[in-house]
Protein chains: 2
Amino acid sequence: MLPFMQENVDEVSVPKRKRGRPAKSVDQRNESARRMALVCVAAKQFRQRGFHGTSTRDIAAAAGIQAGSLFYFFESKEAILHAVMRDGMAQAAVAQAAALEALGSRASGVTRLEALIRNHLQIMVGPESDFIPVMLYEWRLLSPEQRLDVAEQKDAYEAQWMPVLQALYRTGKLKARPEIARLLIFGALNWTAQWYSDSGSLSLDELTDQSLALFIGER
Amino acid sequence: MLPFMQENVDEVSVPKRKRGRPAKSVDQRNESARRMALVCVAAKQFRQRGFHGTSTRDIAAAAGIQAGSLFYFFESKEAILHAVMRDGMAQAAVAQAAALEALGSRASGVTRLEALIRNHLQIMVGPESDFIPVMLYEWRLLSPEQRLDVAEQKDAYEAQWMPVLQALYRTGKLKARPEIARLLIFGALNWTAQWYSDSGSLSLDELTDQSLALFIGER
DNA sequence: CCTACCGATCGGTAGG
DNA sequence: CCTACCGATCGGTAGG
């Protein structure tokens, strides 16, 4: 799974193009692709050893470039972390929207919650799940401005759960108040990054079922 | 709440005493008390800014000693982290045992779970709650030997939950399998360190009630 | 416990 | 993108 193409003008300043030219030059495409690859490499390392446990030299070496060259693409180490979180959240938002849309409008509340849980677990512990765990566990290392920026994406992502939880609360299947339930449920799911391993005997589907059983007593 | 007196012979080597002498000399008492205070100071800083975000100079300054003096008490920065986790877990184990014993032997499964949840939340977000969050969130920074050591305490603490969860599962109040339920519930509770604030309108009792409602639909 | 200090590492930059 | 390098910080130590 690749991070999004989404430009982040704050972090790499691209020279202004003249009007009338094509949208992106070959150079810009290559640069953008290279940058994406670097973000992926960084995400994996940050996930494995943490932000502070990963040096910019580590990232450069894993990407096959010289240590100083990283700063041609990113203005600082924090900017790399920010990019990992931005790209991860953008991707998570798309996956979640797709998961909900795939259900159609007549799906039950339980089915919707199940889809949200499965999708979130996939993001947390599935293959290619480096970005969001990094975001969740290295959150406080962002600058205030960066944090505000990512918080916007995160809030939008979490807000999608509220109508589902509210509906389940109204029908009595969810017994905890939706706002607190959301926080507790996200905690339970986010914590899976600490203990779930693909090699274990527990499949993602089983974990989804057990989560549903715990939270609303069904499935 | 003070960390435990528990000696950690691995970390500060105290000269062997001659037989027949009193258990601890005045010097050793003072040294031990000073060491405990340092662990408290370190716990607070690790909690606030993380292990890597806290320098040994920060800890020394907050404790009112010179930077190098820390290494008279601890052999390394990691040893301080280890001590925070050891002391925190020892304290948590005592608090949990007391919470269960206070119930007596005729308490219901729901009541027992409620007591466990309230106690754990207290440890996570109550006043003086620096130790366990540090343990949970800086876990991987320990050396393999240190990690094994703390894991022993942690496993014993978590094991106390199993009979309670199993009983609730048998009576049908808990719908998820006990082992997975334990992991998910701990996740939900451990995550409160990320969002709960004393200043908010949600009391610890309310949070306990809502957690119970979410997990077993009661209270 | 303090003073004085060291070696290593690290993020980041200049110039090409 | 690379080469070559800098300044700061940091964990830790020797000697008292």
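Atoms considered below: every heavy atom in the structure, side chains included; atoms not considered: hydrogens, waters and symmetry mates. Chain letters run A, B, ... following the sequence lines, proteins first, then strands; residues in each count from 1. The shown structure was predicted, so the numbers you read here are calculated from the model rather than taken from an experiment.
Going from atom CD of Gln66(B) over to atom C1' of dC1(C) covers 9 Å, rounded to whole Å. Taking atom CD of Glu31(B) as the reference point, atom P of dC1(C) lies 9 Å away to the nearest angstrom. Atom-to-atom, CG of Leu70(A) to C1' of dG11(C) comes out at 11 Å; the value is rounded to the nearest Å. Separating the CZ atom of Arg57(B) from the P atom of dC5(C) is a distance of 14 Å, rounded to the nearest angstrom. Distance His52(B) NE2 to dT9(D) C1': 13 Å, rounded to the nearest Å.
Remark: dC1(C) base-pairs with dG16(D); criterion is Watson-Crick or G-U wobble with both hydrogen-bond distances under 3.5 Å.
Dashed line: the shortest gap from a side-chain N or O of Thr56(A) to OP1 or OP2 of dG11(C) is under 4.0 Å.
Within the 4.5 Å cutoff, side-chain heavy atoms of Arg147(A) are placed close to those of Trp139(A). The shortest distance between side-chain heavy atoms of Tyr137(A) and Arg47(A) does not fall below 4.5 Å. Using a 4.5 Å heavy-atom cutoff, the side chains of Asp130(A) and Val84(A) are not in contact.
Looking at heavy-atom distances under 4.0 Å, Ser55(B) makes contact with sugar-phosphate atoms alone, never a base.
Between Trp161(B) and His120(B), the angle of the ring planes goes over 60°, which puts this pair in the perpendicular group of the 30/60° scheme.
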